[in-house]
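First comes the structure, then the notes that go with it.
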Amino acid sequence: MERDELLLAMKDRMPEKRYIHTIGVTDTAIELAKHFGEDSKKAEVSAILHDSCKYADRDWMKQVIIEQQMDPTLLEFHHELWHGPVGAYVAKTEFNVTDEDMLNAIRFHTTGRALQSNLEKIVYIADMIEPNRKFPGVDDLRAAANKLELDDLMIKCISHSISFLINKHQPIFPDSFKCYNNLLLQKKGKVKE
Ligand SMILES: [Fe+2]
Ligand SMILES: [Fe+2]
């Protein structure tokens, strides 16, 4: 499916505000992919599909997580975290995405994970800094996107997300900590890429 067809399919699945966010993430992901020398078409399609399950039925998502034997830890955490992994399942089964890197970019767009690919980082970052996002510190993250290396930018974004959740006394999904630790240890040369 091409961009317009995919976007049309997303329009039916989400309210107007989320659809505008989806377009923002898509355009930002394309820009970041070009800037960091990654495949902009893969970034575009992953970004269009990243929130396809944001408004999916909660019981249905729970059932998919169980039936598809996804990480059972997901069910211990807020259902907000389910739309990434279930979105990857939908991308594969309904939209015929077979590229594992694109599926992972959708799967881990909310939490991050250790050993992310560049495409995964790009979709995670685009989701956070797209032009319609408004939260304290977002302008600083946007400015950093033009200045920093991809890994440093990812460290800045995941640090912001973790700090935000800690300040709100919200639990942190283990993959987010693993993402943060892995990036820092990689930087110090303590783990292999
Ligand atoms: Fe999302
Ligand atoms: Fe999103």
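Since the structure is predicted, the reported quantities are computational estimates derived from the model, not experimental observations. In each ligand, atom 1 is the first atom listed, and ligand 1 is the first ligand listed.
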If you stand at the Fe ion (ligand 2) and look out to NE2 of His21 and OD2 of Asp51, what angle do those two lines make, to 10°? 90°
N/O/S from His109 sitting under 2.8 Å away from the Fe ion (ligand 2): no
Cluster link Met128 to Ile23, ILVMFWY, side chain under 4.5 Å: no
Lys34, NZ: over 12 other non-hydrogen atoms inside 6.0 angstrom: no
Quick check: is Val25 connected to Leu150 through a chain of hydrophobic side chains (ILVMFWY, heavy atoms under 4.5 Å apart)? no
Among the N, O or S atoms of His83, the one nearest the Fe ion (ligand 1): NE2
Give a yes or no on whether Arg58 atom CZ has more than 12 heavy-atom contacts from other residues, nucleotides or ligands under 6.0 Å away. no
Taking N, O or S atoms only and a limit of 2.8 Å, check whether Glu130 reaches the Fe ion (ligand 2). no
Return yes if some donor-acceptor pair links the side-chain N/O of His50 with the main-chain N/O of Ala47 below 3.5 Å, else return no. yes
Any idea which N/O/S atom from Asp127 gets closest to the Fe ion (ligand 2)? OD1
